[in-house]
Amino acid sequence: MHRSYYRLLTGAAAIALSASAASSQELTIFWAEWDPANYLQELVNEYEAETGVVVTVETTPWQDFQTKAFTEFNAKGSAYDMIVGDSQWLGAASEAGHYVDLTQFFNDNKLGEIMAPATVKYYAEYPGNSGKYWAVPAEGDAVGWSYRKDWFEDPAEMAAFKEKYGYDLAVPQDWNQLIDIAEFFHRPDQNRYGIAIYTDNSYDGLIMGVENALFSYGGNLGDYETYQVDGILNSPESIAGLEAYRKLYGFTPPGWSKTFFVENNQAITEGLAAMSMNYFAFFPALVNPATNPNAEVTGFFANPKGPNGEQFAALGGQGISIVSYSENQEEAFKFLEWFIKEETQKRWAELGGYTAHAATLESEEFRNATPYNEAFYQTMFMVKDFWAVPEYAELLTAANARIYPYIVGGEGTAKEVLDALTADWEETFRKYGRIQ
Amino acid sequence: MADVMTRLEPDTRAAARGLSDLSIRNLFIIPTIAFLIIFNVFPLIYSLYTAFTDYRASTSAPANWIGLGNFRELLNDPNIWRNFTITAKYVVISVTGQVFVGFGLAMLLNRPIPLKGLITTLLLLPMMLSPAVVGLFWKLLYDPSFGIINFFLGLGKFEWLADPQMALWAVAIVDIWMWSPFVMLLSLAGLSAVPKHLYEAAEIDRAGPFYTFFRITLPLVAPILMIAIIFRTMEAFKTFDHAYILSTQPTTELIAIRLYKMAFLEWQTGMSSAFAYIVLIVVVAITNIYVKYLNKAKAR
């Protein structure tokens, strides 16, 4: 009886030991539920084949991503070893000690030179120009446009457009042309509409959309170093940008009051709109005939210039960070060393990931790999992002509350909206002691 | 207590195992009490403490005692008052609609009609659905392009959810659809309990249908109807799921939605705890008013 009892105990101890040994060879990466996360899983399967370390990419829907990630951080949980977090989380996550400081790793591997400058600035560094890094740029992304080539190239449409607007119908070169084309194709009686834009104000969809207009019109959200907002957010350029976005809303399909990436891709796949705004990460579905019956006639372009020739786009994408509470930090660093290798980045791009690796991004091979890679390449050199301060969520809530009724409901004027938002943001910055 | 404990049959399995009555009580009651203390009482007390601090769960900074600072800031914030106004409007529309529709249906069902059981069961289905699912499919029903509501009402491409003024009504209509069956069920119980001889006496006295309704039916059903109103007011006050799914209009930002954003998107933990206590006080106050009326109705 005693002998079998001890045998059992020995067996259990052996199992426990082997389980613990196995768990040290496992890494979990947390990300939102979307195609790039699937591509990353494919990529890390290759890491497993090389090293034997099992890497799992765990995902959650976008709507829950922030809440779930920060709930885990706040509980100092070790469920995730790494996280591919949104760029605007950098301030909140780094100041609260949730992310491991990667400055040494960043400098040792010269990532500032290897990765595209905008991705280093917005995905990795916080505070701005501090030389402190918290993430390795992983998935470069920005907002671009898809459009119906067959509608644009239809001779009858081209002639009618030229007659009405006095110039050729083609990919818009500036925002005035974008508005003209949206107006031209807006034909509710034919169930055909001008444009699809972001309007969902539950997270950052609407604001990301507005940023494309506001930045290209020469406006800005404020000075990210001094926290000055007045005179910048409510400048005449920002006001003109917001007015342009409101104009575009007038040419969207009916019911376009809470739309984000899913609906904007549907606008093209269902033949609803002539042009559609979306993150580049969602464009693979548009060139796939299985998911887009109009794949053959879908084209892509970068966010056009504003009336003064300035050209910017809203940054999406994320960097990969090591979670401070991970019990496998050493293994996570080894993984990042593998991830930043040029051959890994090339493979990442081949699988569908948007590499931030400058050499891969600039290569002819990458730029010609898909119909949208060239537009992506151009865009990644003209991106701007939202505030990355720890209180960014409060700034976002205020922006959604002020801007949404104007865009969707036509309430007030762009100037009134931006003046009110300026006051809100100044109050928030004052509350956190950033301004007096 | 000791008497109750000794009433257990001596040949029960528990007795056979040698478990004493005290052990059985401890096995079942202590875990339950511990569960309640850990998951209900402790969070309640802890959140009361955080309501008086500047605590943010997203940071590692310690919570600083700020006294009534959070309450002062909230009560001076015009946006919070706007959330309360929207919620009050929503509760009035929603609960009034539910009482009229629910009581009306109960009146219809309180008479001999064929397939009464089946009809009652079918009418109860909406309240058995998940509010999130209800929100998702009503979003489709309201769709201006293919939604059947516009089709049946001949409203063309009317945008229920994009119109800032209409959106709150659209959300309230969904709540009415979902919860009228609950009011109907309680009213039906109340109606079936009204003594038949009162109606017979009224008929002998040649009382008209309005007189009968207002002098017999309504007074006798009032207490149970008041209970339905109390429950529905409390529930409507904390509506979140379907409202959050249906619309993101600032005109439909109910207090529960604002609270969620404050607590889990902005991570203003101290502030949101204070907000939750303000909401609790408001709900308790409204419920007390109703209970007073309920007691009056019972006394009559």
Side-chain angles (χ1 to χ4, degrees), chain A residues 63-64 66-71 73-76 89 91-93 95-98 188 191 193 199-206 249 252-260 270 272 324 390-398 400-411 424 427-428 431-432, chain B residues 54-61 69-70 73 76-80 82-83 132 135 139-147 149-150 155-167 170 243-253 257-258 260-269 271-272:
Chain A
Q63 291 86 342
D64 293 336
Q66 185 203 216
T67 310
K68 203 169 171 185
F70 275 82
T71 306
F73 292 159
N74 301 341
K76 301 193 179 351
W89 298 1
E95 286 196 3
H98 302 320
N191 202 28
Y193 304 90
T199 57
D200 186 359
N201 65 340
S202 42
Y203 185 43
D204 62 356
L206 171 72
Y249 180 72
T252 57
W256 220 252
S257 59
K258 194 185 175 184
T259 54
F260 203 10
E270 291 171 17
L272 271 179
S324 298
E391 59 274 17
Y392 82 91
E394 281 168 70
L395 303 179
L396 195 58
T397 304
N400 278 322
R402 294 288 182 191
I403 293 175
Y404 185 84
Y406 170 71
I407 299 293
V408 171
E411 288 181 10
D424 290 345
E427 198 184 319
T428 304
K431 185 170 136 189
Y432 291 97
Chain B
D54 63 354
Y55 182 53
R56 294 173 72 91
S58 60
T59 70
S60 46
N70 287 329
E73 194 175 325
N76 284 321
D77 185 349
N79 293 326
I80 295 295
R82 201 193 61 200
N83 293 129
K139 203 173 168 188
L140 296 177
L141 299 180
Y142 279 134
D143 192 281
S145 298
F146 53 81
I149 297 200
N150 280 357
L155 292 175
K157 299 212 165 169
F158 180 70
E159 305 218 17
W160 287 84
L161 299 170
D163 185 323
Q165 305 312 320
M166 207 60 218
Y244 189 71
I245 287 168
L246 276 168
S247 165
T248 47
Q249 291 272 6
T251 51
T252 61
E253 194 179 72
I257 295 173
R258 182 72 200 103
Y260 164 75
K261 286 182 181 171
M262 200 184 273
F264 300 109
L265 296 180
E266 298 166 12
W267 294 104
Q268 301 193 72
T269 317
M271 182 83 78
S272 55

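Owing to the predicted nature of the structure, the values given are computational and were not obtained by experimental measurement. Each chain gets a letter, A, B and so on, in the order its sequence line appears, and its residues count up from 1.
- Contact of Lys68(A) with chain B is not made at all, since no heavy-atom distance falls under 4.5 Å.
- Contact count against chain A (heavy-atom pairs under 4.5 Å) is highest for Gln249(B) among Gln165(B), Gln249(B), Lys139(B).
- For Arg82(B), no part lies near chain A; criterion is any non-hydrogen pair under 4.5 Å.
- Without hydrogens or angle criteria, Ser247(B) side chain to Ala243(B) main chain gives no donor-acceptor distance under 3.5 Å.
- His98(A) places no side-chain N or O within donor-acceptor distance of the main-chain N or O of Ala69(A), the cut-off being under 3.5 Å.
- For a residue to count as touching a neighbouring chain, one of its non-hydrogen atoms must lie under 4.5 Å from one of that chain's; by this rule Phe73(A) does not touch chain B.
- When each of Asp200(A), Val408(A), Leu206(A) is checked for heavy-atom pairs under 4.5 Å with chain B, Val408(A) comes out on top.
- Of the possible polar contacts, none joining the Asp77(B) side chain to the Glu73(B) backbone as a donor-acceptor pair under 3.5 Å is found.
- At least one side-chain heavy atom of Lys431(A) sits less than 4.5 Å from a side-chain heavy atom of Glu394(A).
- No side-chain N or O of Tyr203(A) forms a donor-acceptor pair with one of Asn201(A) less than 3.5 Å apart.
- The backbone N or O of Gly97(A) sits less than 3.5 Å from a side-chain atom of Ser324(A), completing a donor-acceptor pair.
- Using modelled atom types and a 3.5 Å distance limit, the side chains of Thr199(A) and Thr259(A) yield a donor-acceptor pair.
- Highest contact tally toward chain B, considering only Trp256(A), Tyr392(A), Tyr404(A), is held by Tyr404(A) [criterion: heavy-atom pairs under 4.5 Å].
- Among Ala393(A), Gly409(A), Ala401(A), Ala75(A), the residue making the largest number of heavy-atom pairs under 4.5 Å with chain B is Ala393(A).
- The candidate from Ser202(A), Pro254(A), Ala93(A), Pro390(A) with the greatest count of non-hydrogen atom pairs under 4.5 Å with chain B is Pro254(A).
- If you measure heavy-atom distances from Tyr260(B) to chain A, the contacts under 4.5 Å come from the side chain alone.
- With no hydrogens or angles considered, no side-chain donor-acceptor pair links Glu159(B) and Ser257(A) at under 3.5 Å.
- For chain A, the nearby part of Trp267(B) is the side chain; its heavy atoms alone come within less than 4.5 Å.
- When heavy atoms are compared at a cutoff of 4.5 Å, Glu253(B) does not approach chain A at all.
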